[in-house]
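Everything below concerns the one structure shown next.
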Amino acid sequence: LQFKKEFPERYIEAGIAEQDMASMAGGLALQGMIPVVHSFECFLTTRANEQFYNNATEKTKIVYVGSLAGILPGMPGHSHQSVRGISLLGSIPGLTLIQPSNEKEARMAIRWAIEKNSKSAYIRFVSIQNECPFSLPDDYLLEPGKGVFLKKGKDAVLIGYGPVMMTEAMKAAKLLEEKGVSISVVNFPWLNRIDDAWLRNAVKGYRAVVTLDDHYLAFGQGMQIRSALAALCL
């Protein structure tokens, strides 16, 4: 807890009380502060869902951080496995959801949420050790609703987010390459924001678009991409 050591007066331990923590954040935000709220995603998104919405109606700025999200961190059992956080938070007004794919993008997401975004943000972390057989381009910039190609192919495009899904995407692309199928892989960290012009260009020329979700299929990123493509008549 490096932050607690350096700034003890700015660190508040709320215990096992996510609703109270989110409510306190709302009060701090009303006083002009930028609170950063953290807990395990399985508890933060469910227990404090009402407080998330109440804070949103006040149009304040809060940064929420949910860790141990997705399929793999579910070792303590289904009570701790969070595979519905996107669907629970994705419709809250003014709340942008992001899941970084690696450490570099995590730093970008935190900077964007605190320094550039004028509204609230939710950053989704896996928070366990995971292999990372890819890197982001040196000139990559985090832009709302836009992703980045990790690998270029010609037959199909695979879109996903986060370290677990992007690792599996790169593995799948390699296996398919050996079978003569050329796959593009796109890292798309925005869980409820899609830039239509970017998406149209990203899928142009491919015979198939495949999505990967570290989440239930219902109301995950893939369903939102499908809806956006339908609206674009693609």
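Side-chain atoms of L136 and L150, non-hydrogen and from C-beta on, do get closer than 4.5 Å to each other. Residues F3 and V36 form no side-chain contact, since every pair of their non-hydrogen atoms from C-beta on lies 4.5 Å or further apart. Side-chain atoms of H215 and L191, non-hydrogen and from C-beta on, never get closer than 4.5 Å to each other.
A distance of 8.0 Å separates OG1 of T96 from NZ of K119, quoted to the nearest 0.5 Å. The distance from the CD1 atom of I159 to the CD atom of Q221 is 7.5 Å, given to the nearest 0.5 Å. Taking OH of Y216 as the start and CE of M223 as the end, the distance is 13.5 Å to the nearest 0.5 Å. For the atom pair CE of M165 and CG of L158, the computed distance is 10.5 Å after rounding to the nearest 0.5 Å. The CG atom of L97 sits 7.0 Å away from the CD1 atom of I86 when rounded to the nearest 0.5 Å. The CZ atom of R124 lies 5.0 Å from the OH atom of Y161; values are rounded to the nearest 0.5 Å.
Aromatic ring pairs are classed by plane angle as parallel below 30°, tilted from 30° to 60° and perpendicular above 60°; the pair W112 and W190 is perpendicular. Below 30°, between 30° and 60°, or above 60°: for Y64 and F52 the angle between ring planes is below 30°, a parallel geometry.
Side chain of S82 to backbone of A69: no donor-acceptor contact under 3.5 angstrom is found. The backbone N or O of S101 lies less than 3.5 Å from no partner atom in the side chain of N187, so there is not a single donor-acceptor pair. At least one donor-acceptor pair closer than 3.5 Å links the side chain of D213 to the backbone N or O of G222. Checked by atom type and distance alone, the side chain of N192 pairs as donor or acceptor with a backbone atom of L95 at under 3.5 Å. In this structure a side-chain-to-backbone donor-acceptor pair under 3.5 Å is missing from D155 to I183. At distances below 3.5 Å, at least one donor-acceptor pair connects side-chain atoms of N55 with backbone N or O atoms of A22. T45 contributes no side-chain N or O that, together with a main-chain N or O of G85, makes up a donor-acceptor pair within less than 3.5 Å. Counting only distance, with no hydrogens or angles, the side chain of D195 and the backbone of K146 share no donor-acceptor pair below 3.5 Å. For the pair S87 (side chain) and F219 (backbone), a donor-acceptor distance under 3.5 Å is absent. Between the side chain of K151 and the backbone N or O of F134, no donor-acceptor pair lies under 3.5 Å.
Of all the heavy atoms in E105 and P189, the pair that sits closest is OE2-CG, 3.3 Å. The shortest non-hydrogen separation linking L28 to P35 is CB-CG, 4.1 Å. Here the closest non-hydrogen pair linking T167 and P133 is OG1-CD, 3.4 Å. Of all heavy-atom pairs between F125 and A106, the closest is CE2-CB, 3.7 Å.
At most 12 non-hydrogen atoms from other residues, nucleotides or ligands lie less than 6.0 angstrom from OH of Y53. By the 6.0 Å contact criterion, CG on L232 is enclosed, its count of non-hydrogen atoms from other residues, nucleotides or ligands being greater than 12. Annotation for R193: atom CZ counts as buried by contact number, over 12 foreign heavy atoms lying within 6.0 Å. Surrounding OH of Y206 are more than 12 heavy atoms belonging to other residues, nucleotides or ligands, all under 6.0 Å away. The 12-atom threshold is not exceeded at CD of Q129, counting heavy atoms of other residues, nucleotides or ligands nearer than 6.0 Å.
Scanning for side-chain hydrogen bond (donor to acceptor under 3.5 Å, both in side chains) contacts around T60 gives an empty result, with sequence neighbours left out.
Between Y122 and E41, the side chains place a donor N or O and an acceptor N or O closer than 3.5 Å (distance only, hydrogens not considered).
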Test log, rule side chain to side chain contact (heavy atoms under 4.5 Å, CB included), inputs V148 and L141: CA-CA 9 Å; V148 62; L141 297 175; over 6 Å; no

Derivation of the side chain to side chain contact (heavy atoms under 4.5 Å, CB included) call for L44 and M21: CA-CA 9 Å; L44 183 60; M21 180 169 59; 4.2 Å; yes

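Salt-bridge annotation for K171 and E168: present, with a side-chain N of the basic residue lying under 4.0 Å from a carboxylate O of the acidic one. A salt bridge is defined here as a Lys NZ or Arg NE, NH1 or NH2 lying under 4.0 Å from an Asp or Glu carboxylate O, and E103 with R107 meets this definition.
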